[in-house]
Visitor: 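Before I ask anything, let me first share the structure, which is written out below as structure tokens.
Side chains included, hydrogens not; waters and symmetry mates left out as well; all remaining heavy atoms used.
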Amino acid sequence: DDAHEFSKSIVFGFLEQAEQTFTKMQTAMDRKDLAELSSLGHFLKGSSATLGYTKVKDECEKIQHYGNKKDETGTIDEPDEAKCLKLIGESVTEAMNAYDVVDLLMR
């Protein structure tokens, strides 16, 4: 029915958007661009939250905070950029793993 097709198109749109964002995150990681990583984390956090993909949202929120040189909660400053990049890498991996589960379930 129409509602099902509409929902499916939203989910597939998210999956495509997430793939593109993960690629951009990898490029930003290579450039050590914390501000861009924070922005990308924020962007993907919103769309994953809207669709209820909590694990992806949670990891993207951490990416956003680490990119702003904060701890995972966003409350404590973390001035060590290398540490922030390492933590972002871990969160990107976790977000991609959660994305893969959603992708498998939806396709």
Side-chain angles (χ1 to χ4, degrees):
D1 75 340
D2 288 345
H4 178 74
E5 284 303 312
F6 178 72
S7 297
K8 215 165 113 176
S9 72
I10 290 172
V11 171
F12 286 135
F14 165 77
L15 294 173
E16 186 176 308
Q17 183 183 72
E19 282 183 35
Q20 292 168 355
T21 304
F22 289 135
T23 300
K24 289 177 183 176
M25 284 180 174
Q26 198 55 57
T27 301
M29 289 280 298
D30 293 343
R31 291 193 328 256
K32 300 179 180 177
D33 188 342
L34 289 173
E36 177 69 3
L37 287 159
S38 178
S39 176
L40 291 166
H42 176 76
F43 172 75
L44 194 54
K45 177 185 78 172
S47 55
S48 56
T50 299
L51 293 173
Y53 301 137
T54 308
K55 179 66 176 162
V56 177
K57 176 199 69 94
D58 290 347
E59 294 303 326
C60 287
E61 186 169 28
K62 291 178 189 177
I63 293 165
Q64 179 184 355
H65 293 319
Y66 297 144
N68 284 324
K69 295 195 271 187
K70 300 280 187 184
D71 71 342
E72 71 179 47
T73 66
T75 55
I76 299 170
D77 289 340
E78 177 48 72
D80 185 343
E81 289 189 12
K83 181 177 179 181
C84 290
L85 284 165
K86 178 182 176 295
L87 292 168
I88 288 171
E90 291 170 6
S91 286
V92 168
T93 299
E94 288 297 317
M96 289 174 72
N97 288 341
Y99 160 84
D100 286 343
V101 170
V102 171
D103 188 38
L104 278 172
L105 293 172
M106 299 312 295
R107 291 199 194 262

Visitor: Output every pair passing ring pair (Phe, Tyr, Trp, His ring centres under 6.0 Å) with a member in residues 59-79, not counting sequence neighbours, ordered by first then second residue.
Guide: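 Checked against ring pair (Phe, Tyr, Trp, His ring centres under 6.0 Å) - neighbours excluded - no pair reaches residues 59-79.
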Visitor: Let me confirm one number: the CG-NZ distance from Leu51 to Lys57, rounded to the nearest 0.5 Å.
Guide: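 The distance works out to 13.0 Å.
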Visitor: My understanding is that only residues two or more places apart in sequence, or in another chain, count here; which of them pass salt bridge (charged side-chain N to carboxylate O under 4.0 Å, His left out) with Glu78?
Guide: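 Glu78 satisfies salt bridge (charged side-chain N to carboxylate O under 4.0 Å, His left out) with Lys83 only.
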Visitor: Kindly write out the residues that satisfy side-chain hydrogen bond (donor to acceptor under 3.5 Å, both in side chains) with Ser9, not counting sequence neighbours, or none if the list is empty.
Guide: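 Checked Ser9 against side-chain hydrogen bond (donor to acceptor under 3.5 Å, both in side chains); zero matches.
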Visitor: How many angstroms lie between CG in Leu87 and CD in Glu72, if you round to the nearest 0.5 Å?
Guide: 8.5 Å
Visitor: What distance separates Ile88 CD1 from Thr93 OG1, expressed to the nearest 0.5 Å?
Guide: 12.0 Å
Visitor: Distance from Met25 atom CE to Cys60 atom SG, nearest 0.5 Å?
Guide: 4.5 Å
Visitor: Quick check: do Leu40 and Ile63 have side-chain heavy atoms less than 4.5 Å from each other?
Guide: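 No; the side chains remain at least 4.5 Å from each other.
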Visitor: Please give the remaining members of the hydrophobic cluster of Leu105, linking ILVMFWY side chains under 4.5 Å, ordered by chain and number.
Guide: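 So far as hydrophobic clustering goes, Leu105 is joined with Val101.
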Visitor: Restricting to pairs with a member in residues 69-107, which pass ring pair (Phe, Tyr, Trp, His ring centres under 6.0 Å), not counting sequence neighbours?
Guide: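 As it turns out, the ring pair (Phe, Tyr, Trp, His ring centres under 6.0 Å) pairs with a partner in residues 69-107, which skip direct neighbours, are Phe22-Tyr99.
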Visitor: Less than 4.5 Å apart, side chain to side chain, heavy atoms only: is that true for Lys70 and Asp77?
Guide: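 With C-beta onward as the side chain, the pair touches.
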Visitor: For Lys45, give me all partners under side-chain hydrogen bond (donor to acceptor under 3.5 Å, both in side chains), at least two apart in sequence or on another chain.
Guide: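 Gln64.
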Visitor: Tell me the salt bridge (charged side-chain N to carboxylate O under 4.0 Å, His left out) pairs involving residues 84-93, sequence neighbours left out?
Guide: Lys86-Glu90
Visitor: If the condition is side-chain hydrogen bond (donor to acceptor under 3.5 Å, both in side chains), which residues does Gln26 pass it with, not counting sequence neighbours?
Guide: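 Per chain and number, Gln26 pairs via side-chain hydrogen bond (donor to acceptor under 3.5 Å, both in side chains) with no residue.
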Visitor: Quick one: ring pair (Phe, Tyr, Trp, His ring centres under 6.0 Å) partners of Phe12, sequence neighbours excluded?
Guide: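 In terms of ring pair (Phe, Tyr, Trp, His ring centres under 6.0 Å), with neighbours along the sequence ignored, Phe12 is linked to no residue.
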Visitor: In chain order, what residues pass the salt bridge (charged side-chain N to carboxylate O under 4.0 Å, His left out) check against Asp33, with sequence neighbours excluded?
Guide: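 In terms of salt bridge (charged side-chain N to carboxylate O under 4.0 Å, His left out), with neighbours along the sequence ignored, Asp33 is linked to Arg31.
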Visitor: CG/Leu34 to CD/Glu81 distance, rounded to the nearest 0.5 angstrom?
Guide: 5.0 Å
Visitor: Would you compute the distance between atom SG of Cys84 and atom NZ of Lys62 and round it to the nearest 0.5 angstrom?
Guide: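 So the gap between those two atoms works out to 14.0 Å.
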Visitor: Using the test side-chain hydrogen bond (donor to acceptor under 3.5 Å, both in side chains), find all partners of Ser48 that sit at least two apart in sequence or belong to another chain.
Guide: none
Visitor: Applying ring pair (Phe, Tyr, Trp, His ring centres under 6.0 Å) as the test, list every pair that has at least one member in residues 33-53; sequence neighbours left out.
Guide: Phe14-Tyr53
Visitor: Minimum heavy-atom separation for Ala98 to Val56, with atom names?
Guide: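 Looking at all heavy atoms of both residues, the shortest contact is CB-CG2, 3.7 Å.
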